[in-house]
Amino acid sequence: MAVNIIAEECKGCTKCVNSCPFEAITMENKKAVIGPACNNCGACVDQCPFGAIKQTEDEKKGVDISEYHGVWVFAEQRNGELMKVAIELLGEGRKLADEIGTELSAVLCGHNVSDLAGELIAYGADKVYLADDPRLASYTTDAYTKVIYQAIMAYKPEIVILGATHIGRDLGPCLAVKCGTGLTADCTKLEIDPTDKKLMQTRPAFGGNLMATIVCPNHRPQMSTVRPGVMEKAAYDKSRQGSVINLKVNISKSDLRTKVLEFVRGIGEVASISDADIIVSGGRGLGGPEGFNLLRELAAKLGGTIGASRAAVDSGWIDHSFQVGQTGTTVKPKLYVACGISGAIQHLAGMQNSDYIVAINKNESAPIFEVADYGIVGDLYKVIPAIIEALDSRAQ
Ligand code: FAD
Ligand code: SF4
Ligand code: SF4
């Protein structure tokens with residue numbers, strides 16, 4: 001379906017403007033105009049007292065995709081520090097841009113963050129679109145969406161990728177709705193179709209039992225979120241040159257429906273596993289929450305942290321922030337030790353790209369051994385103390 005204004009019949013009464021939930025209708029020269037944020041919902045059609053809005057069959061309606069060029073990466077920062085996922089997205093974005101034969105740009109929002117622009121260029125960006133303003137100091141959906149949406153409308157990138165962080169998962173869908181395009185969440189693979197240069201976005205579907213590849217043929221930009229830890233980090237080259245484009249920050253008080261009053265840190269043990277080099281992870285095979293004390297001891301000896309399977313989290317043995325897997329965190333440590341974890345596909349989705357995987361399981365047919373570099377068949381309550389003892393005797 002497509003929704004259009006019949007200009008000759010429009011009397012300029014403005015009734016339709018407020019009827020659109022997506023703020024897609026504006027008035028130009030006393031005539032209503034439907035912008036790219038329209039998703040053809042049809043809500044405005046009956047609001048026009050003059051019958052000037054018509055909905056017609058037009059399955060293929062989209063935008064003129066030839067107007068859209070370049071790959072954009074949302075450069076998420078917190079307190080002036082780039083998130084690791086932004087560097088991973090620059091690595092992936094560089095590959096995509098090179099395959100299309102176009103530019104890679106980073107979009108950076110915040111306050112007093114202009115120093116990061118040089119970092120983004122060193123990590124592969126050709127251009128940095130910078131919105132530096134006190135009203136962007138803390139992330140708010142309204143402010144970030146408005147600034148980036150206006151930049152997308154002005155510069156028309158063909159691809160926009162964001163990290164599947166709490167912020168990216170909030171911002172991405174808002175931008176996609178405003179732009180009237182689609183978004184594929186939690187992608188694990190991005191590729192360019194060599195025949196038409198469109199983005200092929202692959203993500204797990206049906207509980208991780210199959211992989212779906214999704215394309216966005218008629219709308220732009222093509223948008224995806226990508227989980228932290230899935231893509232390779234971009235290489236750093238201080239000698240790279242690029243340009244910085246300052247974005248106009250056009251936000252009025254009425255645009256902002258929320259205000260950040262203060263940050264309150266979570267109470268209790270909360271994990272930060274996405275950046276860890278060594279993770280000792282426990283599953284249902286631990287038999288109870290006390291089992292994590294043994295894993296903490298081993299993790300401390302190795303200089304790492306602990307992780308968990310969903311079964312351990314669902315049993316209430318440990319906080320969800322420790323969960324590795326499809327509905328937890330994706331990790332890519334140098335060493336992943338899976339203790340009493342069977343190796344369900346949804347768990348593997350979050351850790352199989354680790355550099356080295358060691359599995360300890362008393363069932364020699366457990367699927368975790370198929371992805372493990374080293375497998376130890378045995379009771380974890382015997383194996384782990386033996387490893388700790390061996391590490392202790394080596395340290396003496
Ligand atoms: P189990 O499968 O019960 O395995 C326990 C293992 O411990 C067994 O292999 C057993 O041989 C071994 N064992 C028992 N005792 C010992 C011992 N003393 N010493 C050594 N080995 C022992 N799971 C995740 O982990 N992360 C996710 O993000 C996730 N997302 C999901 C999303 C969806 C949509 C669905 C449907 C499922 C998801 N799951 C996820 C659940 C997943 O399918 C499995 O149920 C879960 O991973 C099993 O956890 P586990 O390996 O700890 O438990
Ligand atoms: Fe024009 Fe109808 Fe909108 Fe009034 S309601 S501005 S007549 S399209
Ligand atoms: Fe807005 Fe829906 Fe009308 Fe499009 S069809 S202009 S989204 S109300």
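Note that the numbering runs from 1 along the sequence shown for the chain. In listed order, ligands and their atoms are each counted from 1.
If you number the atoms of ligand 3 from 1 as listed, the ones under 4.0 Å from a heavy atom of Phe22 come out as 7 (S). Residue-ligand proximity, Asp379 to ligand 1, at heavy-atom distances under 4.0 Å covers atoms 17 (C), 18 (N), 19 (N). The atoms of ligand 1 that sit less than 4.0 Å from any heavy atom of Gly328 are 28 (O). When each atom of ligand 3 is checked for a heavy atom of Val3 under 4.0 Å away, the hits are 5 (S). Of all atoms in ligand 3, listed by their number and element, those nearer than 4.0 Å to a heavy atom of Asn39 are 7 (S).
When only modelled atom types and interatomic distance are considered, Gln222 and Tyr68 share no side-chain donor-acceptor pair under 3.5 Å. In this structure, a donor-acceptor pair under 3.5 Å is absent between the side chains of Ser19 and Gln47.
Coordination check, Cys48 versus atom 1 (Fe) of ligand 2: failed, since every N/O/S atom of the residue sits at 2.8 Å or beyond. Cys20 lies apart from atom 3 (Fe) of ligand 3 in this respect, since none of its N, O or S atoms is found at a distance under 2.8 Å.
The closest non-hydrogen atom to atom 42 (C) of ligand 1, taken over Arg284, Gln346, Gln323, Met351, comes from Gln346. The heavy atom nearest to atom 9 (O) of ligand 1, out of those in Val377, Asn361, Ile368, is found in Asn361.
The side-chain heavy atoms of Thr181 and Met223, taken from C-beta on, include a pair separated by under 4.5 Å.
Residue Val17 does not touch ligand 2, judged by heavy-atom distances below 4.0 Å.
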